[in-house]
Amino acid sequence: MIVVAGEALIDLVPSQQPSPDGPLPALLPRRGGGPYNTAVALGRLGSPTAFCSRVSTDAFGASLLRGLHDGAVDTSLVQRGPEPTTLAVADVSEDGSAGYGFYVEGTADRLFTLPSALPTTVRALSLGTCSLVLEPGAGAYEALLRREARRGVFTALDPNIRPGLIVDPDAYRARFRSWLPDLALLKLSEEDAAWLAGAGADGADRAAVLAAAREWLAAGPAAIVVTHGGDGLTVVTRGAGEVAVPGERVDVVDTIGAGDTVNAALLHRLDGHGALSYAAVGALTADDWTDILRFAARAAAVTCSRAGAEPPFAAELAD
């Protein structure tokens, strides 16, 4: 089983592009949150998956749980609470990329507490996004990462940086580096890698991003996957060097959930290669990684082709 731990929230997505002279578009509620989307995507791909979080007992929380059940995701590790569900207001640009404003004060997901134990059937743990930023829950998720890594569970992280939620960027960057020894797989976007490397407002070029990835690789992970939007993905590894694949061409509706779909696709395909362990990832060849990255690119393209975080089902990616 793969456990995905982190926030579940509601994205409020504009029904259309706003017009300067017209009324504001309606905001449509969509289930979301990076870890939540990753769990649903894994379930749709057919991987046995459980979600570990704290979800509100309000109507949004009930809808979030229903989405997990519909995706065949185990919810036995979900904690419940009366606090409201976190809201993320999406700002979708003309090219389909999305930014977010968050309403997180006093919400249920950030009050997550460390579970006493995960089931013995758990082989991988995936974390990321807001859950590792917002206290007091962030400390509990960090403790979960460290505990499971040290008992041999395959661990994956997607930082999925939301700068507006990070009060002290330098402190967060230091905290991020402290997680590296406990990671088997780090996946992050080119933009997030530049931010974590401390690049200025103009970001960093691709060469500088990959140089940072090599530095982080030396600190712990078996592999680091960097996404380049429509340009594809690159993996930096210990044993197979660097492997890159192009993106899949698609008419983009929006990019909401695309990175989360990549997380799920990587874990699902790694499992297909028998590589949900640190040693097995280190033994993958360049051809293996080409297959894994191409699968992830195809999955993300399907998500981008439709509105909101709607990852593909396994049948949509059949060879």
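For clarity, every value in this text was computed on a predicted model and none was experimentally measured.
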Using a 3.5 Å distance criterion without hydrogens, assess whether the side chain of [X] forms a donor-acceptor pair with backbone atoms of [Y].
{"X": "R298", "Y": "L317", "result": "yes"}
{"X": "D288", "Y": "T285", "result": "yes"}
{"X": "T49", "Y": "S47", "result": "yes"}
{"X": "K187", "Y": "T227", "result": "no"}
{"X": "Q79", "Y": "T113", "result": "yes"}

So [Y] and [X], do their side chains get closer than 4.5 Å, heavy atoms only?
{"X": "I10", "Y": "L64", "result": "yes"}
{"X": "L185", "Y": "P221", "result": "no"}
{"X": "L266", "Y": "L293", "result": "yes"}
{"X": "Y278", "Y": "L183", "result": "no"}
{"X": "T237", "Y": "V243", "result": "no"}
{"X": "L180", "Y": "L186", "result": "yes"}
{"X": "P311", "Y": "V302", "result": "no"}
{"X": "W179", "Y": "T155", "result": "no"}

Answer yes if [X] and [Y] sit in the same cluster of Ile, Leu, Val, Met, Phe, Trp and Tyr residues linked by side chain heavy atoms under 4.5 Å apart, and no otherwise.
{"X": "F154", "Y": "M1", "result": "no"}
{"X": "W216", "Y": "V226", "result": "yes"}
{"X": "F176", "Y": "L165", "result": "yes"}
{"X": "F60", "Y": "L111", "result": "no"}
{"X": "L28", "Y": "Y103", "result": "no"}

Taking atom [atom1] of [X] and atom [atom2] of [Y], what is their separation to the nearest 0.5 Å?
{"X": "L42", "Y": "F51", "atom1": "CG", "atom2": "CZ", "value": "11.5 Å"}
{"X": "L284", "Y": "H273", "atom1": "CG", "atom2": "NE2", "value": "7.0 Å"}
{"X": "I224", "Y": "L188", "atom1": "CD1", "atom2": "CG", "value": "7.5 Å"}
{"X": "R147", "Y": "E142", "atom1": "CZ", "atom2": "CD", "value": "13.5 Å"}
{"X": "F112", "Y": "L134", "atom1": "CZ", "atom2": "CG", "value": "13.5 Å"}
{"X": "L132", "Y": "L127", "atom1": "CG", "atom2": "CG", "value": "5.5 Å"}

Do the side chains of [X] and [Y] get close enough for a salt bridge, i.e. N-O under 4.0 angstrom?
{"X": "E316", "Y": "R306", "result": "yes"}
{"X": "E310", "Y": "R30", "result": "no"}
{"X": "R54", "Y": "E83", "result": "yes"}

For this session: Kindly determine whether W195 and S189 satisfy side-chain contact (heavy atoms from CB on, under 4.5 Å), including the steps that lead there.
Result: CA-CA 10 Å; W195 189 94; S189 70; over 6 Å; no
For this session: Under the side-chain contact (heavy atoms from CB on, under 4.5 Å) rule, what do L196 and Y172 come out as? Steps first, then yes or no, please.
Result: CA-CA 9 Å; L196 285 164; Y172 181 86; 3.8 Å; yes
[X] and [Y]: which non-hydrogen atoms are nearest, and at how many Å?
{"X": "A240", "Y": "A286", "result": "CB-N, 3.8 Å"}
{"X": "G32", "Y": "D11", "result": "CA-OD2, 3.8 Å"}
{"X": "T38", "Y": "S126", "result": "CG2-OG, 4.3 Å"}
{"X": "A280", "Y": "A275", "result": "CB-CA, 3.5 Å"}
{"X": "A301", "Y": "V250", "result": "O-CG2, 3.7 Å"}
{"X": "G33", "Y": "L9", "result": "N-CD1, 3.5 Å"}

Less than 3.5 Å apart, any donor N or O on the side chain of [X] or [Y] sitting next to an acceptor on the other?
{"X": "S63", "Y": "R31", "value": "yes"}
{"X": "D287", "Y": "T290", "value": "no"}
{"X": "R146", "Y": "S178", "value": "yes"}

Exercise. side-chain contact (heavy atoms from CB on, under 4.5 Å) between V40 and D260: does it pass, once the steps are laid out?
Worked result: CA-CA 9 Å; V40 170; D260 311 323; over 6 Å; no
For this session: On the 0 to 90° scale, with breaks at 30° and 60°, tag the H268-F295 ring pair as parallel, tilted or perpendicular.
Result: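 It falls in the parallel class, under 30°.
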For this session: Please assess R162 against E7 for the test salt bridge (charged side-chain N to carboxylate O under 4.0 Å, His left out), listing each intermediate value before the final yes or no.
Result: CA-CA 13 Å; R162 306 300 189 209; E7 77 278 357; over 6 Å; no
Assess whether atom [atom1] of [X] is packed by more than 12 heavy atoms of other residues, nucleotides or ligands within 6.0 Å.
{"X": "R173", "atom1": "CZ", "answer": "yes"}
{"X": "F102", "atom1": "CZ", "answer": "yes"}
{"X": "D251", "atom1": "CG", "answer": "no"}

For this session: Apply the side-chain hydrogen bond (donor to acceptor under 3.5 Å, both in side chains) test between N263 and each candidate in T129, D158, N160; give the one that qualifies.
Result: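 Checked T129, D158, N160 against N263; only one passes side-chain hydrogen bond (donor to acceptor under 3.5 Å, both in side chains): D158.
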For this session: Among L267, V73, L270, find the one that has a side chain to side chain contact (heavy atoms under 4.5 Å, CB included) with I2.
Result: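 Only one option passes, and that is L267.
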Exercise. Can you list the steps and then say if E242 with R206 is a salt bridge (charged side-chain N to carboxylate O under 4.0 Å, His left out)?
Worked result: CA-CA 13 Å; E242 296 178 16; R206 187 160 299 172; over 6 Å; no
For this session: I would like to know whether R110 and T86 meet side-chain contact (heavy atoms from CB on, under 4.5 Å); could you show each step before the answer?
Result: CA-CA 9 Å; R110 67 185 299 175; T86 294; over 6 Å; no
